[in-house]
Amino acid sequence: MNNNKLLLLGDEAIAQGAIDGGLSGIYAYPGTPSTEIMEYVQASKQAAEQNIHRQWSANEKTAMEAAIGMSYAGKRAMVCFKHVGLNVAADAFINASITGVNGGLIVVSADDPSMHSSQNEQDSRFYAKFAMIPILEPSNQQEAYDMAYFGFELSEKLNVPVMLRITTRMAHSRAGVVRRQVKLQNQLKLPSDPRQFVLLPSIARKNYKKLLVAQSAMEMESESASFNALIPGSSHGLGIIATGIAYNYLIENYPDHKCPFPVLKICQYPIPRKQVAELYNTCDQILVLEEGYPIVEEMLRGFLNLGKPIHGRLDGTLPRDGELNPNIVAKALGLPVTEGQPIPDVVKNRPPSLCQGCGHRDVYEDLNEALKEYGTGRVFSDIGCYTLGALPPFNAINSCVDMGASITMAKGAADAGLVPAVAVIGDSTFTHSGMTGLLDAVVENSPITVIISDNSTTGMTGGQQSSATGRIVEICRGIGVHPDHIRVVTPLKKNHEENVRIIKEELAYNGVSVIIPQRECIQTFARRKKAEKKESNE
Amino acid sequence: MKNDIVLAGVGGQGILSIAAAIGLAAVNSNLYIKQSEVHGMSQRGGDVQSHLRISDRPIASDLIPAGKADMIISVEPMEGLRYLPLLADSGWLVTNTTPFINIPDYPKPDDIIARIKAVKHHIAIDADSIAKEAGSARSSNIVMLGAASLFLDIPFERIEEGIRQLFGRKGEDVVQQNLKALKLGREFSEKNR
């Protein structure tokens with residue numbers, strides 16, 4: 001290993017690869033495990049010198065659309081989010097495959113198998129298949145860099161967005177990466193067909209036919225891609241297909257990383273049909289190793305599973321859920337595994353919790369007190385640090401489904417007769433997806449109390465800029481909440497009684513109330529103070 | 001040569017500073033490295049771990065296979081025990097003895113220490129006290145690194161270089177104080193292995 005290598009997280013390797021590959025703008029909403037891609041670009045001197053756009057968006061849909069806009073203008077754009085963020089961006093994402101691109105467009109979706117920081121472990125590869133576009137799925141950090149670097153060209157060549165799909169371990173693992181020569185950004189250039197991006201049905205039908213015709217070109221790209229490889233083996237009793245980082249867990253199990261069976265490493269999709277056929281025809285059985293859902297396995301088996309034995313997650317050779325690791329793969333191969341000592345009984349669980357001094361703590365203490373007379377079971381919450389209010393000692397919330405769902409679920413429950421119904425949502429989540437739901441409630445004057453716990457940051461992901469900062473009261477007024485029922489409070493112990501009284505008043509009001517407890521996140525507060533101190537010392 | 005190391009602690013305790021120091025030393029020694037980290041929800045006071053793999057040959061998996069870790073470095077006594085399923089029979093548990101108590105059912109510290117002592121190869125070190133002795137309570141993670149350095153296949157001088165690189169921007173006083181913390185940790189392991 002030479003010292004010219006950078007030691008980069010998978011996320012950082014993608015960011016550097018994109019910068020070196022001619023990126024003009026990155027759009028994103030924070031979400032583990034994708035956050036560090038944008039953060040790296042924001043911290044990059046090179047990105048600043050090249051004037052690369054690098055601001056957070058209000059949500060994944062606005063990020064996706066802005067990236068399509070930059071592509072329309074002929075420049076190279078990247079959009080990044082976690083897997084569930086792709087649900088939010090899905091409308092724009094799917095239609096971007098119909099418009100095609102002008103400047104290269106890479107969509108990074110970071111999946112979280114085993115749900116380390118997520119509410120599901122959906123596999124983004126299904127979305128790319130649905131949109132009929134190629135996927136790049138790195139097995140190591142160098143490939144992550146290279147895929148971002150070359151992905152723009154692939155996108156421009158095939159006239160579609162390209163998905164770069166990673167999983168938690170790739171996103172958050174560091175290794176050496178060698179950089180390539182920096183490419184110039186594209187010049188501003190309108191699409192040669194001025195109606196390319198106008199998806200009127202008559203135009204969309206033509207574009208869609210082009211997309212269908214392009215499928216064979218995408219498959220040919222996969223078959224010749226250097227990221228895919230059919231590696232010969234001496235024993236043909238088994239053939240192995242390993243996708244993305246599953247390949248690493250496979251070769252980890254063999255001395256010098258040499259597997260005795262033929263291995264098809266797939267890191268670029270659509271699935272390279274010729275190589276799959278060659279493996280299938282020359283081996284007695286097939287084992288499929290995938291980090292995520294059994295998508296390749298399912299396609300290979302077909303509905304009736306009438307061919308050769310196909311092993312993987314569907315027949316129990318591998319667990320149906322959760323991420324893979326070297327030992328799970330070893331067991332699937334029938335290899336002996338080592339096991340350390342079991343976890344001693346003396347070890348207790350240590351779940352995450354709200355920081356000491358966090359304003360959300362005070363909000364829940366105030367709310368629990370105010371709700372005593374109504375009983376439990378009526379608090380709908382959302383995605384963020386404050387979701388930890390579900391755990392002891394607060395046990396304060398009854399739902400966490402998707403970004404913004406607190407307000408709309410409270411409305412639906414109020415429609416059903418659960419009055420008062422309460423929503424607890426953070427500031428960044430509110431501007432992400434809460435505002436439209438609040439409009440629904442205002443239109444019907446639903447009897448709900450919305451608490452926007454405003455810590456002026458996107459806290460759970462590490463304190464990124466929140467689009468809501470300084471704007472919440474004006475937004476609520478603009479949406480039409482009555483000014484008398486927009487209450488700004490400060491969540492501090494000394495204000496407990498007053499805050500309880502205010503919450504009780506609004507719970508009793510038969511209409512839409514918004515209470516905004518405002519206090520800076522103590523993590524960002526501490527960082528800000530430290531930076532100020534450093535500045536005053538210099 | 002291969003060193004597979006599990007770093008353990010509680011979110012906010014800064015285990016990644018240890019990983020960064022070893023990582024620099026490994027890169028300066030022209031070794032391959034893979035280091036997987038935990039970001040996100042667990043960083044809020046939950047248990048956190050990092051897998052650090054160093055080798056003179058290419059490394060495949062980002063995760064250390066169960067039962068194959070050469071060492072657990074834990075900055076908190078209960079947290080080190082959580083990763084015993086990853087530790088090889090011949091592996092070392094190098095752990096701080098100062099508990100970080102943020103849960104209501106935290107076990108009796110004596111019970112934890114007794115369990116640590118039942119691990120075949122262990123170093124139990126009061127890194128917080130030794131760090132104070134070195135001049136700053138904040139360098140307890142560097143004391144842990146010093147204690148662990150005895151079991152790494154990286155020359156001690158390279159780790160010292162790593163510390164200089166890491167803290168260089170903060171001035172010579174901070175560098176010297178961390179080098180002292182590193183050395184005191186190292187000496188503790190030499191005496192107590």
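Proteins come first, then strands; the chains are lettered A, B, ... in the order of their sequence lines, and each starts at number 1.
- Around the CZ atom of B:R57, the shell of radius 6.0 Å holds no more than 12 heavy atoms that belong to other residues, nucleotides or ligands.
- Top candidate by heavy-atom pairs under 4.5 Å with chain A, chosen from B:K108, B:H51, B:E76, is B:E76.
- A distance-only check finds no donor-acceptor pair linking the side chain of B:N3 to the backbone of B:L152 [under 3.5 Å].
- Looking at B:R82, the atoms closer than 4.5 Å to chain A (heavy atoms on both sides) sit in the backbone and in the side chain alike.
- Taking chain B as the reference chain and counting heavy-atom pairs below 4.5 Å, the highest number among A:N327, A:T387, A:T32 is found for A:N327.
- Between A:R165 and A:S109, the side chains place no donor N or O within less than 3.5 Å of an acceptor N or O (distance only, hydrogens not considered).
- Most heavy-atom pairs under 4.5 Å with chain A, from the set B:N102, B:L52, B:D89: that is B:N102.
- At a 4.5 Å heavy-atom cutoff, the contact between B:I103 and chain A is made by side-chain atoms alone.
- Heavy atoms of A:L388 lying under 4.5 Å from chain B belong exclusively to its side chain.
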(request) For B:E187 and B:K183, run salt bridge (charged side-chain N to carboxylate O under 4.0 Å, His left out): C-alpha distance rounded to whole Å, both residues' side-chain angles, the deciding distance at 0.1 Å, then the answer. (result) CA-CA 6 Å; B:E187 286 169 3; B:K183 192 153 169 283; 3.2 Å; yes

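- Proximity to chain B (any heavy atom under 4.5 Å) is restricted, for A:L9, to the side chain, taken from C-beta onward.
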(message) As a quick check of understanding, evaluate salt bridge (charged side-chain N to carboxylate O under 4.0 Å, His left out) for A:E12 and A:R174, giving each step before the final call.
(response) CA-CA 9 Å; A:E12 296 171 343; A:R174 228 174 260 284; 3.5 Å; yes

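- With a threshold of 4.5 angstrom between heavy atoms, A:P351 approaches chain B through its backbone and through its side chain.
- Taking chain B as the reference chain and counting heavy-atom pairs below 4.5 Å, the highest number among A:Q523, A:H257, A:E339 is found for A:H257.
- Atom NE2 in A:H83 sits 10.0 Å away from atom OG in A:S34 (nearest 0.5 Å).
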(request) Evaluate salt bridge (charged side-chain N to carboxylate O under 4.0 Å, His left out) for B:R186 paired with B:E190, printing each intermediate quantity in order. (result) CA-CA 6 Å; B:R186 172 90 174 193; B:E190 280 166 351; 3.5 Å; yes

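- Only the side chain of A:Q141 comes within less than 4.5 Å of a heavy atom of chain B; its backbone N, CA, C and O stay farther away.
- Residue A:L7 holds its CG atom at 7.0 Å from CD of B:Q35, rounded to the nearest 0.5 Å.
- Of the atoms belonging to A:L8, not a single heavy atom falls under 4.5 Å from chain B.
- Ranked by heavy-atom pairs under 4.5 Å with chain A, the first of B:D56, B:L87, B:D105, B:V119 is B:D105.
- In this structure, the portion of A:C385 lying under 4.5 Å from any heavy atom of chain B is its side chain and not its backbone.
- For the residue pair B:Q165 / B:N28, a side-chain donor-acceptor distance below 3.5 Å is found, with atom types taken as modelled.
- The candidate with the highest count of non-hydrogen atom pairs below 4.5 Å against chain B, out of A:T35, A:T168, A:N349, A:D112, is A:N349.
- Both the backbone and the side chain of A:S173 come within contact range of chain B, judged by heavy atoms closer than 4.5 Å.
- For the pair A:Y249 (side chain) and B:A60 (backbone), a donor-acceptor distance under 3.5 Å is absent.
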